[in-house]
Structures are given as structure tokens and as C-alpha cells.
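Written out below as C-alpha cells is the structure these notes cover.
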Amino acid sequence: MATPDFIRDLRNSIGRQLLWLPGVSAVVFDDQGRVLLGRRVDTGGWSVIGGIPEPGEQPAETAVREVYEETAVRVVPEGIVLVETMPPTRYPNGDVCQFMDVTLRCRAVGGAARVNDDESLEVGWFAVDALPELEEYALTRIKRALEAGPTWFQRMDEEPPGRHPEA
């Protein structure tokens, strides 16, 4: 994802140290039940569509904006799928970010999927039983979006993945 100007301004002050940021992911389905994915320029991998909210922007607005900016598909957010703190990420330039991700299930209502910016190499619709190789976080978001249950979040009595209680 392209770095928003407000983050570049922050980086001028804080350098490469950990920056805590909101993130929004959109799991978009069409009326055939296919999911919209983009192959990212920065990693070369396929993923759900997502990005960083502009200051003051609501998560649903971010989902609608990001999906359109990246794929030219118009969507309507239908609900929150999950809320999750992601592990810190170190980018090739040395910047470190950690995201609090809000994932929304969205329904496509218009537009034709195509690369619509410089963040994607390809975009396309995939049957959920014929997905390309995806990172675990993207698979989890798609799986949760397919469930009819309530919003998923890490319960207080669950041990976070990769952490062990103190001995």
C-alpha cells in the first residue's frame, strides 16, 4: 500500500521506530460467491484488499475507498468480520509498523475488476475453493467472512498465537 502523507510526516519526527496504525481489510464477494483479491506490488503475493484510514475516516469508508482505488469495484460494507492486532512488520526501508486491523465483509455492487492504481500487479475474482496461495491472515479473513457468526476477536481468556504464559 502507498504510504499516506500523514505517515510520511510522522516518520520525519520518529524515524523508523514502531508506529501503531489502524488498518482496514475488505473481503469482497460478488453475487456468484467469488472473492476479490489483488496481487500486491510490494510482496508479489495475492491478498484481500486493504489499507490505512485517512485521519477521521470511518472503517467502512476506508473499505469502500480502498477497494475502488485498487480494483475499480464499487462495494457496500455489510458487517465487521474481525478485529485483530497484527504482529509488527518491518518494511525493506527499515520502517516498523503494527496494525490494529478491522476486517469488513463487503458486497460488490458495480464496476469491473481491474488494476486501478500502482499498488497492484493484478486483481481478480476467485472461487473460494480455488484461491491462489495466500498468507494465513488473508485466509483467516476470508474464512471468517464466510461464517454467519458474530465478529471475531481475541478473547481475554485465549492465549494469543505465538505467546506463552509466563512460567
Side-chain angles (χ1 to χ4, degrees), residues 1-4 7 18-19 21-53 59-60 62-149 151-154 158-163:
M1 76 182 81
T3 305
I7 293 175
L18 177 68
L19 183 57
L21 293 168
V24 174
S25 298
V27 180
V28 180
F29 293 103
D30 66 5
D31 54 4
Q32 297 172 35
R34 299 176 302 173
V35 65
L36 180 63
L37 300 174
R39 195 161 70 86
R40 298 171 56 105
V41 167
D42 60 351
T43 66
W46 288 95
S47 190
V48 296
I49 308 303
I52 299 169
T62 303
V64 169
R65 177 181 54 77
E66 287 288 341
V67 171
Y68 184 77
E69 285 178 359
E70 295 181 25
T71 71
V73 172
R74 298 282 185 194
V75 300
V76 172
E78 296 181 319
I80 297 174
V81 172
L82 66 79
V83 177
E84 180 179 37
T85 300
M86 303 300 296
T89 300
R90 181 175 301 277
Y91 292 93
N93 68 359
D95 288 353
V96 181
C97 295
Q98 187 168 19
F99 293 93
M100 169 66 73
D101 183 74
V102 176
T103 300
L104 292 105
R105 178 188 169 107
C106 298
R107 179 175 37 90
V109 294
R114 64 179 169 84
V115 173
N116 204 35
D117 66 6
D118 59 358
E119 296 180 41
S120 300
L121 298 169
E122 298 177 71
V123 298
W125 293 102
F126 293 86
V128 294
D129 61 355
L131 296 172
E133 184 176 332
L134 295 168
E135 296 281 339
E136 188 62 35
Y137 78 89
L139 287 170
T140 297
R141 279 152 180 67
I142 294 167
K143 176 185 168 195
R144 299 282 181 201
L146 290 166
E147 296 172 348
T151 302
W152 181 90
F153 59 93
Q154 183 78 42
E158 292 177 10
E159 189 60 36
R163 290 195 185 163

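Every heavy atom of this structure was used, including side-chain atoms; hydrogens, water molecules and symmetry mates were not. Counting begins at 1 with the first residue of the sequence.
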Item to check | Those residues that, when tested against W46, pass ring pair (Phe, Tyr, Trp, His ring centres under 6.0 Å) (two or more places apart) | outcome: F126
Next on the checklist: Using the side chain to side chain contact (heavy atoms under 4.5 Å, CB included) criterion, which residues pair with P88? Sequence neighbours excluded.
Outcome noted: L18, V96, Q98
Item to check | Sequence neighbours excluded - side chain to side chain donor-acceptor pair (under 3.5 Å) pairs with any residue from residues 23-34 | outcome: S25-D101, D30-R34
Checklist outcome for this item: Output for pair (L36 CG, C106 SG), nearest 0.5 Å, gives 10.0 Å
Item to check | Atom pair CD1 (I142) and CG (L134), whose distance is rounded to the nearest 0.5 Å | outcome: 5.0 Å
Checklist entry - What pairs with R90 under side-chain hydrogen bond (donor to acceptor under 3.5 Å, both in side chains), at least two apart in sequence or on another chain? => result none
Checklist entry - Counting distance only, does the side-chain N/O of R74 pair as donor-acceptor with the main-chain N or O of G111 below 3.5 Å? => result no
Checklist entry - OG1/T62 to CD/E69 distance, rounded to the nearest 0.5 angstrom? => result 9.5 Å
Checklist entry - For R107, which residues count as a salt bridge (charged side-chain N to carboxylate O under 4.0 Å, His left out) partner, sequence neighbours excluded? => result E78
Checklist entry - Taking only residues two or more places apart in sequence, or in another chain, which ones meet S120 in a side chain to side chain contact (heavy atoms under 4.5 Å, CB included)? => result E70, V115, D117, V123
Checklist entry - What distance separates M100 CE from M86 CE, expressed to the nearest 0.5 Å? => result 11.0 Å
Next on the checklist: Show me the pairs that pass salt bridge (charged side-chain N to carboxylate O under 4.0 Å, His left out) and involve residues 120-140, at least two apart or across chains.
Outcome noted: R39-E122
Next on the checklist: Could you work out, with side chain to side chain contact (heavy atoms under 4.5 Å, CB included) as the rule, every residue matching P59, not counting sequence neighbours?
Outcome noted: V24, V102, L104
Item to check | Spacing of CH2 belonging to W125 relative to OG1 belonging to T71, to within rounding of 0.5 Å | outcome: 7.0 Å
Item to check | Side-chain touch L37/V48, heavy atoms, less than 4.5 angstrom | outcome: yes
Item to check | Minimum heavy-atom distance A108-V73, with the two atoms named | outcome: CB-CG1, 3.9 Å
Checklist outcome for this item: For Y137, the side-chain hydrogen bond (donor to acceptor under 3.5 Å, both in side chains) test, sequence neighbours excluded, returns S47
Checklist entry - Is there a side-chain contact between L82 and T140 (heavy atoms, below 4.5 Å)? => result yes
Checklist entry - Going from CD1 on I52 to CG on L19, what distance comes out if it is rounded to the nearest 0.5 angstrom? => result 8.0 Å
Item to check | Results of side-chain hydrogen bond (donor to acceptor under 3.5 Å, both in side chains) for R114 - residues two or more places apart only | outcome: N116
Item to check | 4.5 Å side-chain heavy-atom contact, L131 and V35 | outcome: yes
Item to check | Residue pair V67 / A26: nearest heavy atoms and the distance that separates them | outcome: CG2-CB, 3.6 Å
Next on the checklist: So does V81 get a backbone contact from the side chain of T103, meaning a donor-acceptor N/O pair under 3.5 Å?
Outcome noted: no
Checklist entry - Can you name the residues that form a salt bridge (charged side-chain N to carboxylate O under 4.0 Å, His left out) with R144, not counting sequence neighbours? => result E147
Item to check | Residues that T89 engages under side chain to side chain contact (heavy atoms under 4.5 Å, CB included), provided they are two or more places apart | outcome: Y91
